[in-house]
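Worksheet: one structure, shown below.
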Amino acid sequence: MPELPEVETYRRYLEETCLNQPIQDVFVEDTKLLTTDYDLLVASLRGKQFVATERVGKNLFVQTDGGFYVHFHFGMTGDLAYYQFEEERPRFSRIVFYFQSGYKLAFICPRKFERIGIVENIPEYLKRKRIAEDALAISISTLDATLAKKKVFIKPVLLDQSVIAGIGNWIVDEVLFQARIHPERLASSLDESEVTHLHEAIQFVLKTAIDCEANYALFPENFIIHAREWAVSPYAEVNQHLLCPVCQQKLQIMRVGGRTTYFCAIDQPLKRT
DNA sequence: GCGCTTGTTAAAGT
DNA sequence: AACTTTAACAAGCG
């Protein structure tokens, strides 16, 4: 779930709730979730405040008045919750920031794939982790130049955070569906028009998802995401019968690049190249 | 209780 | 050597 639109939604949520109030303490259930030593993390944060937020791809950086950032990565299931009373504390709140105001920010980590740590310098961090330009910022020409070098299926290329940052397994299926491109097309085989359509689809899907605050049930009816069985969908028939929302034929489900992939063989034909 | 899962990465393969 | 592929990670959920 925490792909670019979810992280952007979390960023806005944190910015609306948590800025400019001193941090009193930090609870950490399991130090495996930290990329910074626990004692250092707590010592650095006590008495400091969150003052601003930035997002690159699926990475959230929360600036402090101590001249450093707290980096959040949400893994596959991370979430945030701001609350006041202990009885409101969500399950799996494995990291909790306690503010002096009495309010708390929980980092909900059901599967412990999530990470938090101190980052001093964002550009240095992005370079070291090989995180490319954000999917909402990348230009067609940069995307085109990168795709031209890749002799692999387009789907795993778009999932590669060192190519374009922020796209995950559900968004890539949606983007390829909207752009009418088969997930197993070789990236280097896309022509200029296809790359243009792809770039447009990326912007469209991401902006639509952000506008819906990543609430999948609010996505347009012609989105293929409604066919995924986990997505609570108002379009029950499409959901049950796994039909293409455009042509109403049965969708294909296969593994591409090791990930479960939904697509429509009719609307996303695999051209001969 | 088995098999599946959103992300990332180290290790293996070509 | 550089690029690509795969398996493993943790644990909840249906």
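In the text below, chain A, chain B and the rest are named by the order of the sequence lines, each starting its count at 1.
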In whole angstroms, the gap separating P of dT6(B) from CD1 of I171(A) amounts to 13 Å
Taken to the nearest whole Å, OH/Y10(A) to P/dG7(B) is 12 Å
For nucleotides 11-14 of chain C, list the nitrogen or oxygen atoms of the protein found under 3.5 Å from its nitrogen or oxygen atoms, one pair per line.
from	atom 1	to	atom 2	distance (Å)
dA11(C)	OP1	K112(A)	NZ	2.9

Determine, for D134(A) against R55(A), whether the closest basic-nitrogen to carboxylate-oxygen distance falls under 4.0 angstrom. yes
Q. Counting any heavy atom closer than 4.0 Å, what does G258(A) reach on the DNA or RNA strands: base, sugar-phosphate only, or nothing?
A. nothing
_I'd like to know if the side chain of R11(A) and the backbone of E54(A) have a donor-acceptor N/O pair within less than 3.5 Å._
no
- Task: Give a yes or no on whether a salt bridge exists between E124(A) and K127(A), defined as a side-chain N under 4.0 angstrom from a carboxylate O.
- Result: no
To the nearest angstrom, the CG-P distance between D173(A) and dG7(B) comes to 11 Å
Using the six-membered ring for Trp and the full ring for Phe, Tyr or His, decide whether F113(A) stacks on the six-membered base ring of dA10(C) (centres under 5.5 Å, planes under 30°). yes
To the nearest angstrom, the CZ-C1' distance between F74(A) and dT6(B) comes to 14 Å
Residues joined to V56(A) in its hydrophobic cluster, side chain to side chain under 4.5 Å directly or through other members, sorted by chain and number, are F61(A), Y69(A), V119(A), I122(A), Y125(A), L126(A), I131(A)
Between protein and nucleic acid, restricted to nucleotides 3-5 of chain C and to nitrogen or oxygen atoms under 3.5 Å apart, what atom pairs and distances do you find?
from	atom 1	to	atom 2	distance (Å)
dT4(C)	OP1	K151(A)	N	3.4

I253(A) atom CD1 is separated from dC4(B) atom P, nearest whole Å, by 12 Å
Distance alone, cut at 3.5 Å: any donor-acceptor contact between the side chains of R255(A) and T261(A)?
no
With sequence neighbours left out, the residues meeting salt bridge (charged side-chain N to carboxylate O under 4.0 Å, His left out) with E174(A) are none
Practice prompt. Check the pair F177(A), Q268(A) against side-chain contact (heavy atoms from CB on, under 4.5 Å), reporting the backbone distance first and the verdict last.
Written response: CA-CA 7 Å; F177(A) 178 70; Q268(A) 299 164 268; 3.3 Å; yes
* When the aromatic ring centroids of Y103(A) and Y82(A) are compared, is their separation below 6.0 Å? -> yes
To the nearest angstrom, the CD-P distance between E6(A) and dT6(B) comes to 12 Å
Distance-only, no hydrogens or angles: does the K104(A) side chain make a donor-acceptor pair with backbone N or O of Q84(A) under 3.5 Å?
-> yes
Checklist entry - Salt-bridged, E194(A) to R185(A), with N to O below 4.0 Å? => result yes
Stems of at least 3 consecutive Watson-Crick or G-U wobble pairs (donor-acceptor distances under 3.5 Å) involving DNA chain B, listed by first number, are B:2-5 with C:11-14, B:7-14 with C:2-9
Item checked: Short N-O contact, E8(A) and R12(A), less than 4.0 angstrom -> yes
Each nucleotide of nucleotides 8-14 of chain B classed B (base within 4.0 Å of a protein heavy atom), S (only sugar-phosphate) or -, in 5' to 3' order, makes BS-----
To the nearest angstrom, the OH-C1' distance between Y262(A) and dC4(B) comes to 10 Å
Q.
Quick one about R115(A) and T35(A) (side-chain donor to acceptor, distance below 3.5 Å, no hydrogens or angles considered), yes or no?
A. no
Expected output: side-chain H182(A) to main-chain L176(A) donor-acceptor under 3.5 Å = no
Regarding the side chain of R255(A), the nearest nucleotide among dT5(B), dT6(B), dC9(C) is dT5(B)
- Message: Please give the distance between the P atoms of dA7(C) and dG3(B) as a whole number of Å.
- Response: 16 Å
(request) Please confirm whether Y10(A) and Y13(A) have ring centers closer than 6.0 angstrom. (result) no
